[in-house]
Asker: 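Structure in structure tokens, see below.
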Amino acid sequence: MLRLYDTAMRAKVDFVPSVEGRVSMYVCGATPYDVPHLGHGRKEVVFDTIRRYLVWRGYAVKYVSNVTDIEDKIIARAHEEGTTEPELVARFEVTFRSAFDRLNILPPDDEPRATEWIEEMTRLIAQLVANGHAYVVEGQGVYFQVDTLPSYGSLSHRTLDELLESAGARVDVDERKRAPVDFALWKTAKPGEPAWDSPWGLGRPGWHIECSAMSLKLLGDGFDIHGGGSDLVFPHHENEIAQAVGAGHEFARYWLHNGMLNVDGQKMSKSLGNFVTLVDVLEQYDPRAFRLLVLQTHYRRGMEVGEKELADAEKAIGRLDALARRVRADGLESAPVGDITPFRDVMDDDFDTPAALAYVFELVRDANVALDEGLQDTAAASFATVRELAAELGIELRAEAPEADAEIDALVEAREAARRAKDWAESDRIRDELSRRGIVVEDTPRGPEWRRE
RNA sequence: GGCGGCGUAGCCGAGUGGCACAGGCAGAGGUCUGCAAAACCUUUCACGCGGGUUCGAUUCCCGCCGCCGCCUCCA
């Protein structure tokens, strides 16, 4: 039985999809007004891994993740750069997607853009106005009236009183709203801003309404899983629920949130200015190392990331690849997958990827031991399991055959000749020469083998 | 101030009411190697502090200290 931690219940609960064998999930995507940072990367890796696991577990999964392509920050940034909003978004979307591709993130089944679903949003807003949950402020827009919905706060476990007490303590209260906690559903356009038509005049949707409208439309009422970063629990996800419920819909049945990523113990974020871009890290390190690092921490916890952590993870990846090379050299690549039960058991327990990886690395050792002892069948079986489970976690092992290179081959051969002649000075000199060219030579029972570092 | 989370070896980081074999990285010693590399074996180092419940607490409860997140845009 698959169990997962539901934010609303604040507990691990049995996962029972609303339609047997099928899972519908929605994960809040990013607002591409700048390059992606490592936090985006973590979120993508976490939910991609959960999605892959559900598929691997036999569910037919429909995975939807949105692109917020209209929003205040996009407008501001486009203005700064003297470009248009669509151009800005298109440019950064490419950056996001290519970074995600390198992380082996599967594309969503559907990736709705906010601007393509305006009509759906205005319909939802109109419903909220009709139901008495929203009100219009002339010249400003439409607001959701929080105190009309008694269940407000159920996800983030806050009461209206608590919210009213702290609201305004840190933020300027908008004078036109009936209560400080009320939030915008529709924002009236100022001159020069991109705008869409609506029953309340030209304007654009509020951030929260997008996700409610698009998730309900694409996945239907009562879809199974809604995910996102833990910093979205309040107010974003709370508001999504309010909008859907207020309009008479049943919303997500399970809420999953990934923990934040810390640099030197502090949350990494745009506002703190301590963020590291995903692009930089993926250029400096094997993208699989970042993925491994993310999965070595449980998804709900905060995790530390820095150069040391990334370098360590890269070495761990090297260990996997080294085994793959060994196995390929022995021609043991095809074997049935062995025991996956320990893996499934820990993954079924709220996606415990650190424990799952521990099992994978135990199998790596088993395979190496078997190879050392000449137990080829055993080795092949362990390796097949390693490869299968690593791939399930989105990590592909590499055992590239060294590409043909006459010059390198000649050097390696010359070194071999020197070694045969026991001319160690010469053979070491050649090895140093190769090393300068980024070539690693390993002397194996089958003779010397080389690869690029 | 309100709500929540966390504090496990040198670092990252799982887990558990019953001896702490998690795992990765690093350190030490060894096997293999001409030397390496890779691999394997052995090994050093840890449950923040104080109470309580219990036969037994790192695990459950309370308090304290420290750190972090949310309460505002945020993954």
Side-chain angles (χ1 to χ4, degrees), chain A residues 7 10 27-31 33 36-47 71-73 153 156-159 161-163 165-172 181 207 227-236 238 257-262 265-272 275 289 292-293 295-298 300-306 308-323 325-326 346 349 352-362 364-365 367-373 419 422-425 427-428 431 435 440-445 448-451:
Chain A
T7 305
R10 274 187 181 164
V27 177
C28 286
T31 305
Y33 70 97
H37 60 65
L38 295 184
H40 294 110
R42 182 183 190 189
K43 187 213 78 183
E44 290 294 325
V45 167
V46 162
F47 286 103
E71 201 261 341
D72 293 8
K73 282 181 178 162
S156 52
H157 302 95
R158 280 158 227 236
T159 66
D161 286 342
E162 284 167 0
L163 287 167
E165 224 170 280
S166 59
R170 301 171 57 197
V171 187
D172 292 337
V181 288
W207 175 41
S230 61
D231 52 350
L232 298 188
V233 173
F234 189 91
H236 186 54
E238 195 69 69
H257 292 97
N258 65 278
M260 297 293 98
L261 201 145
N262 298 328
Q266 266 211 321
K267 177 187 169 183
M268 179 173 75
S269 75
K270 290 278 178 62
S271 29
L272 287 174
F275 68 96
L292 180 74
L293 180 59
L295 296 179
Q296 276 181 323
T297 304
H298 186 85
R300 279 194 280 120
R301 305 247 304 213
M303 72 171 258
E304 192 62 37
V305 68
K308 175 164 190 333
E309 288 78 14
L310 284 161
D312 288 354
E314 201 165 51
K315 284 179 195 152
I317 289 286
R319 188 169 155 75
L320 296 174
D321 285 348
L323 174 64
R325 282 197 304 275
R326 249 191 125 176
V346 294
D349 182 16
D352 190 349
T353 55
L357 280 166
Y359 179 61
V360 170
F361 279 101
E362 277 171 33
V364 168
R365 193 185 58 237
N368 276 314
V369 168
L371 284 170
D372 284 350
E373 293 175 355
R419 290 185 67 222
K422 298 203 190 299
D423 183 352
W424 310 127
S427 77
D428 286 352
R431 185 165 62 196
S435 174
V440 180
V441 193
E442 293 180 5
D443 298 323
T444 78
E449 289 177 0
W450 64 270
R451 67 192 152 85

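Every chain is numbered from 1, with letters handed out A, B, ... down the list of sequences. Below, each value reflects all heavy atoms present in this structure, side chains not excepted, and no hydrogens, waters or symmetry copies.
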Asker: What's the closest nucleotide to the side chain of A:R158 if the choices are B:rC70, B:rA37, B:rG13?
Answerer: B:rC70
Asker: On a whole-Å scale, what distance lies between the C1' atoms belonging to B:rC60 and B:rU31?
Answerer: 47 Å
Asker: B:rG56 and B:rC71: how far apart are their C1' atoms, nearest whole angstrom?
Answerer: 42 Å
Asker: Do any side-chain nitrogens or oxygens of A:R319 fall under 4.0 Å of OP1 or OP2 in B:rA38?
Answerer: no
Asker: Is A:E309 reaching over with its side chain to a backbone N or O of A:G306, donor-acceptor style, under 3.5 angstrom?
Answerer: yes
Asker: May I ask you to say what A:V441 touches in the nucleic acid, namely base, sugar-phosphate or nothing, with a heavy-atom cut-off under 4.0 Å?
Answerer: base
Asker: Is any side-chain nitrogen or oxygen of A:K267 closer than 4.0 Å to OP1 or OP2 of B:rA75?
Answerer: no
Asker: Quick one: does A:D231's side chain get under 4.5 Å of A:K267's, heavy atoms only?
Answerer: yes
Asker: Quick check on RNA chain B: between A:A425 and A:K73, whose nearest nucleotide comes earlier from the 5' end?
Answerer: A:A425
Asker: Quick one: is B:rA36 close enough that its OP1 or OP2 comes under 4.0 Å of any side-chain N or O from A:R419?
Answerer: no
Asker: Using whole Å, what does the distance between atom P of nucleotide B:rG23 and atom CD of A:Q296 come to?
Answerer: 12 Å
Asker: Which value, in whole Å, describes the distance between the C1' atoms of nucleotides B:rC61 and B:rG1?
Answerer: 26 Å
Asker: Do the side-chain N or O atoms of A:N368 get closer than 4.0 angstrom to the phosphate oxygens (OP1, OP2) of B:rC40?
Answerer: yes
Asker: Does A:R431 get its side chain close enough to the base of B:rC35, under 3.5 Å, for a donor-acceptor pair?
Answerer: yes
Asker: State whether the distance check finds a donor on one side and an acceptor on the other, under 3.5 Å, for side chain A:D352 versus base B:rG15.
Answerer: no
Asker: Answer yes or no as to whether B:rG23 has its base stacked against A:F361, where stacking requires a ring-centre separation under 5.5 angstrom and planes under 30 degrees apart.
Answerer: no
Asker: Flag the pair A:V364 / A:R319 as yes when at least one side-chain heavy-atom distance between them is below 4.5 Å, and no otherwise.
Answerer: yes
Asker: At under 4.0 Å between heavy atoms, what does A:K315 touch on the DNA or RNA strands: base, sugar-phosphate, or nothing?
Answerer: sugar-phosphate
Asker: Please state the P separation for the pair B:rC11 and B:rU16 - nearest whole angstrom.
Answerer: 23 Å
Asker: Which whole-number value in Å describes the distance from A:L310 CG to B:rG13 P?
Answerer: 12 Å
Asker: Identify the nucleotide, in any strand shown, that forms a Watson-Crick or G-U wobble pair with B:rC3, with both distances under 3.5 Å; if there is none, say none.
Answerer: B:rG69
Asker: Could you identify the nucleotide paired to B:rC40, looking across every strand shown and requiring Watson-Crick or G-U wobble geometry with both distances under 3.5 Å?
Answerer: B:rG30
Asker: Please confirm whether the shortest side-chain N or O distance from A:R301 to OP1 or OP2 of B:rA14 is below 4.0 Å.
Answerer: yes
Asker: With a non-hydrogen cut-off below 4.0 angstrom, is A:M268 in contact with a base, only sugar-phosphate, or nothing?
Answerer: base
Asker: With distance as the sole criterion, do the side chain of A:D443 and the base of B:rC35 form a donor-acceptor contact below 3.5 Å?
Answerer: yes
Asker: Paired with B:rG17 by Watson-Crick or G-U wobble geometry, both distances under 3.5 Å: which nucleotide is it?
Answerer: none
Asker: Say whether A:H257 and A:R300, considering side chains only, have a donor N or O and an acceptor N or O under 3.5 Å apart.
Answerer: no
Asker: For nucleotides B:rU42 and B:rG52, find the distance between their C1' atoms and express it as a whole number of Å.
Answerer: 42 Å
Asker: Considering heavy-atom distances to RNA chain B, does A:D312 or A:E362 have its closest nucleotide positioned more toward the 5' end?
Answerer: A:E362
Asker: I'd like to know if the side chain of A:N368 pairs up with that of A:R326 as donor and acceptor (distance under 3.5 Å, no hydrogens or angles considered).
Answerer: yes
Asker: Distance check needed: B:rG69 P versus A:L232 CG, whole Å only.
Answerer: 16 Å
Asker: If you measure from the Lys or Arg side-chain nitrogens to the Asp or Glu carboxylate oxygens, is any gap between A:K308 and A:D312 under 4.0 Å?
Answerer: yes
Asker: In whole angstroms, how far is the P atom of B:rG66 from the CG atom of A:N262?
Answerer: 19 Å
Asker: Measure the distance from CZ on A:R300 to C1' on B:rG5 and round it to the nearest whole Å.
Answerer: 10 Å
Asker: May I ask you to say what A:H298 touches in the nucleic acid, namely base, sugar-phosphate or nothing, with a heavy-atom cut-off under 4.0 Å?
Answerer: sugar-phosphate
Asker: Touch check for A:T297, heavy atoms < 4.0 angstrom, all strands: base, sugar-phosphate only, or nothing?
Answerer: sugar-phosphate
Asker: For A:S156 and A:E238, which I'm curious about, is there any donor-acceptor pair between the side chains at under 3.5 Å?
Answerer: yes
Asker: Once rounded to the nearest 0.5 Å, what's the spacing between atom CG of A:L295 and atom CE of A:M303?
Answerer: 9.0 Å
Asker: Does any N or O donor sit under 3.5 Å from an N or O acceptor when you compare the side chain of A:R326 with the base of B:rA38?
Answerer: no
Asker: For A:G41, which contact category applies under a 4.0 Å heavy-atom criterion: base, sugar-phosphate, or nothing?
Answerer: nothing
Asker: Which of the following nucleotides, B:rA39, B:rC70, B:rA75, is nearest to the side chain of A:D372?
Answerer: B:rA39
Asker: Using the P atom as the reference point in each nucleotide, state the distance between B:rG27 and B:rU53 in Å, no decimals.
Answerer: 47 Å
Asker: Using a cut-off of 4.0 Å on non-hydrogen atoms, how would the nucleic acid contact of A:L261 be classed: base, sugar-phosphate, or nothing?
Answerer: base
Asker: For a quick check of understanding: with a heavy-atom distance under 4.0 Å over all strands, which category does A:S427 fall into, base, sugar-phosphate or nothing?
Answerer: base
Asker: Pick base, sugar-phosphate or nothing for A:V233, based on heavy-atom distances below 4.0 Å to the nucleic acid.
Answerer: nothing
Asker: Using the C1' atom on both, measure B:rC70 against B:rU58 and round to a whole Å.
Answerer: 28 Å
Asker: Given that both distances must come in under 3.5 Å, which nucleotide forms a Watson-Crick or G-U wobble pair with B:rU53?
Answerer: none
Asker: Before you tell me yes or no, could you show the steps for A:M260 and A:R301 under side-chain contact (heavy atoms from CB on, under 4.5 Å), namely the whole-Å CA-CA distance, both residues' side-chain angles and the distance that decides it to 0.1 Å?
Answerer: CA-CA 7 Å; A:M260 297 293 98; A:R301 305 247 304 213; over 6 Å; no
Asker: Take atom C1' in B:rG48 and the same atom in B:rU44, then report the distance between them in whole Å.
Answerer: 23 Å
Asker: What integer distance in Å separates A:L323:CG from B:rG24:C1'?
Answerer: 15 Å
Asker: With sugar-phosphate meaning primed atoms plus P, OP1 and OP2, does A:G229 contact a base, only sugar-phosphate, or nothing at under 4.0 Å between heavy atoms?
Answerer: sugar-phosphate
